[in-house]
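A short write-up of the structure that comes next.
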Amino acid sequence: MPYIPLIPLSELPENSHKSVRSGKKNFALFHYNGIITALENACIHKGGDLGQGFIQTLEDGELYVACPWHGWQYNLKTGKAPHGYRDRQAVYEVIVDNGMISVSEEPLSKAFRAAHDVDPVADLRNLEYQTTEKSINVLGISTTNMNRDLPRPSTSETALQQALDFAASEFGASTKMIKIRDLNFRHCEGYYSRHERACTWPCSISEMDGEDGMNEVYRSMVLWADAVILATPIRWGNASSLFYKMAERLNTVQNQITVHDRVLIKNKVASFIITGGQDNVQGVAGNLNSFFTDLGFTFPPFNFVGWSRGWIAEDTENNYNQFFRSRYVKRSVRELVTNTIRLVMQIKDMDVSHLHTPKPKISEAGSLSE
Ligand code: FES
């Protein structure tokens, strides 16, 4: 079998590993326990760089490399995934001759990506949209936080419930409320920072964990909703921290535009309810508008309702009562819903086979070498 000379042994000391390119081929070389092994470098999941991976000893006592992108693991000698998985990375024969490491041109065993029996996010992967020409699906997202055992009145959530009730009674809309505080999900783990293609759709955290609470948001927002009404309190002049936790996990939606020019959110409308004991309604609205426009949402005129009693309104116990009695709130919530649903009806006919996305794209990214 022909062999490809790669690097001198001195460049791969014991307890080290690295990726080495030769022409179009890229190998991950490992030197552990006195043995040198070689795997195909590109992870079979999404192409992560195994030569930059982490070495781990698993329960079978064998050494594995964990891909630095999302942690898929491969046995250093056999290329096999851990017990319970049938995936396998390609393995190359290694010879060391005259202090030079060479690998076989062809793999001893080829890579194999098993079809997983259960794909918990198949509907997200296949973008099984649930909207129709006639649907008016209104999703409420409440981002306020509270103790489930000691619930307290919330201005933002009360107004959101009023909005959903009005959408159902006035327009016959189907409605759904998601309370972010009830969902159990991990923070975004920033895989994008490793490589632009490491932020995937569906999110790799969802792929790893079918019980990931964000799946409820992805399904409802991307697949089901025609309109999203998001409600947030103002915390330190900003939206709630739960909003940001959710927003960071929505990188997976926005990065599809950046990396693949692929828009997942089409013909969907967003509006907001922003309430705070003190101020900065406009600042929060600007932030929310900026984020939701980056996802692909469309906005009706006057797309937020705000409530704030001002800088010195420290008598917070009076806030909810005043809010609840306010004729302004009742009227403006109804008008927000009306504007939102009317826009949903208008844009149903828009051609969204391709949406222009005047955003930065990976294909246009500059580099230091330019
Ligand atoms: S690319 Fe390797 S685990 Fe995702």
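Computed from a predicted model, the values in this text were never measured in an experiment. Throughout, numbering of the chain's residues begins at 1 and tracks the sequence.
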How far does CG of N289 sit from OG1 of T293, to the nearest 0.5 angstrom?
-> 7.5 Å
Assess whether salt bridge (charged side-chain N to carboxylate O under 4.0 Å, His left out) is satisfied between R181 and E157, documenting all intermediate values.
-> CA-CA 12 Å; R181 65 180 177 277; E157 198 163 288; 2.7 Å; yes
Taking the side chain as every heavy atom from C-beta outward, state whether I35 and T37 have any pair of such atoms under 4.5 Å apart.
-> yes
Is a side-chain donor-acceptor pair under 3.5 Å present for R152 with T144?
-> yes
Are I136 and I347 joined in one hydrophobic group, where the rule is that I, L, V, M, F, W and Y side chains link up if heavy atoms are under 4.5 Å apart?
-> no
Show me, pair by pair, the donor-acceptor contacts under 3.5 angstrom made by side chains of residues 64-71, not counting sequence neighbours?
residue, atom, partner, partner atom, Å
Y64, OH, D60, OD2, 2.5
H70, ND1, H45, ND1, 3.2
H70, NE2, A198, O, 2.6

Mind checking whether Y92 and F27 have parallel, tilted or perpendicular rings, split at 30° and 60°?
-> perpendicular
Please round to the nearest 0.5 Å and tell me the distance separating atom CD1 of I265 and atom CG of D294.
-> 12.0 Å
Side chains of V329 and Q162: closer than 4.5 Å at any heavy-atom pair?
-> yes
CD1-CG distance between I7 and L12, expressed to the nearest 0.5 angstrom = 5.0 Å
Which class fits the ring pair F243 and F292: parallel under 30°, tilted 30 to 60°, perpendicular over 60°?
-> parallel
Do H31 and I101 come within less than 4.5 Å of each other through their side chains, counting heavy atoms only?
-> no
Flag, side chain of S290 to backbone of G286, donor-acceptor distance under 3.5 Å | no
Between the side chain of E11 and the main-chain N/O of P8, is any donor-acceptor distance below 3.5 Å?
-> no
Okay, side chain of K245, backbone of F185: is any donor-acceptor separation there less than 3.5 Å?
-> yes
Side-chain donor/acceptor of K348 to backbone N/O of T132, under 3.5 Å | yes
Would the number of heavy atoms belonging to other residues, nucleotides or ligands and lying under 6.0 Å from CZ of F112 be above 12?
-> yes
Under a 4.0 Å N-O cut-off, is there an ion pair linking D209 with R186?
-> no
Validation row: Y191, C199 side chains within 4.5 angstrom (heavy atoms) | no
Around atom CG of N321, are there more than 12 heavy atoms of other residues, nucleotides or ligands at under 6.0 Å?
-> yes
With sequence neighbours excluded, residues passing side-chain contact (heavy atoms from CB on, under 4.5 Å) with A42 = E40
Please confirm whether the backbone N or O of T200 pairs with a side-chain atom of S204, one donor and one acceptor, at under 3.5 Å?
-> no
Flag yes if more than 12 heavy atoms outside E14 fall under 6.0 Å of its CD atom; otherwise flag no.
-> yes
Examine the side chains of D226 and S135 and answer whether a donor and an acceptor come within less than 3.5 Å of each other.
-> yes
Taking side-chain contact (heavy atoms from CB on, under 4.5 Å) as the test, write out the residues that go with Q161, two or more places apart.
-> L164, D165, M177
Does I55 reach the side chain of F30, with side-chain heavy atoms less than 4.5 Å apart?
-> yes
Could you tell me whether the side chain of M214 reaches within less than 4.5 Å of the side chain of C203, counting heavy atoms only?
-> no
Between Y244 and N287, does any side-chain donor sit less than 3.5 Å from a side-chain acceptor?
-> yes
Do the side chain of T338 and the main chain of R334 share a donor and acceptor less than 3.5 angstrom apart?
-> yes
Checking N75 side chain against K80 main chain: does a donor-acceptor pair fall under 3.5 Å?
-> no
Heavy atoms of other groups near Q282 CD, more than 12 under 6.0 Å = no
Evaluate the side chain to side chain contact (heavy atoms under 4.5 Å, CB included) criterion for residues H195 and D49: first the C-alpha distance (whole Å), next the side-chain angles of each, then the deciding distance (0.1 Å), finally the verdict.
-> CA-CA 10 Å; H195 193 281; D49 185 353; over 6 Å; no
Report yes or no: do S240 and N145 form a side-chain donor-acceptor pair below 3.5 Å?
-> no
Would you indicate whether R125, at its atom CZ, is surrounded by more than 12 heavy atoms from other residues, nucleotides or ligands within a distance under 6.0 Å?
-> yes
Is there side-chain contact between F291 and L250, with heavy atoms separated by less than 4.5 Å?
-> yes
Is there a donor-acceptor contact under 3.5 Å linking the side chains of N26 and S19?
-> no
For F324, is the NZ or CZ atom of K330 found under 6.0 angstrom from the centre of its six-membered ring and inside 45 degrees of the ring axis?
-> yes
Can you sort out the partners of W224 under ring-ring contact (aromatic ring centres under 6.0 Å, His included), two or more places apart, ordered by chain and number?
-> none
Donor-acceptor pair, D123 side chain versus E128 backbone, under 3.5 Å?
-> no
Could I get the full list of side-chain contact (heavy atoms from CB on, under 4.5 Å) partners for N33, not counting sequence neighbours?
-> L63
I274-L336 co-clustered via ILVMFWY side chain contacts under 4.5 Å = no
Which distance, rounded to the nearest 0.5 Å, do you find between the CG of N251 and the CG of L295?
-> 9.0 Å
Atom CD of E317 with >12 non-hydrogen neighbours under 6.0 angstrom | yes
Is it true that atom CZ of F302 has more than 12 heavy atoms of other residues, nucleotides or ligands lying nearer than 6.0 Å?
-> no
Given the options D279, T275, D315, T316, R309 meets side chain to side chain donor-acceptor pair (under 3.5 Å) only with D315
Only one of V253, V121, N255 forms a side chain to side chain contact (heavy atoms under 4.5 Å, CB included) with W201, so which one is it?
-> V253
Where do T252 and Y218 land on the side-chain hydrogen bond (donor to acceptor under 3.5 Å, both in side chains) test, with the steps shown first?
-> CA-CA 10 Å; T252 180; Y218 297 138; 5.3 Å; no
Is there a side-chain hydrogen bond (donor to acceptor under 3.5 Å, both in side chains) between T357 and D261 once you walk through the steps?
-> CA-CA 8 Å; T357 52; D261 202 10; 3.0 Å; yes
Taking atom NE2 of H354 as the centre, report whether more than 12 heavy atoms of other residues, nucleotides or ligands fall under 6.0 Å from it.
-> yes
Tell me, with the steps shown, if F166 and V333 meet side chain to side chain contact (heavy atoms under 4.5 Å, CB included).
-> CA-CA 9 Å; F166 183 70; V333 165; 5.8 Å; no
dist S241:OG -> I180:CD1 (nearest 0.5 Å) comes out at 11.5 Å
May I ask you to say whether R148 pairs ionically with D182, meaning some side-chain N is under 4.0 Å from a carboxylate O?
-> yes
Heavy atoms, side chains only, cut-off 4.5 Å: are L124 and V222 in contact?
-> no
For a side chain to side chain contact (heavy atoms under 4.5 Å, CB included) with M221, tell me which candidate from I178, L264, V228, L230 qualifies.
-> V228
Going by the salt bridge (charged side-chain N to carboxylate O under 4.0 Å, His left out) test, which pairs reach into residues 104-113, not counting sequence neighbours?
-> none
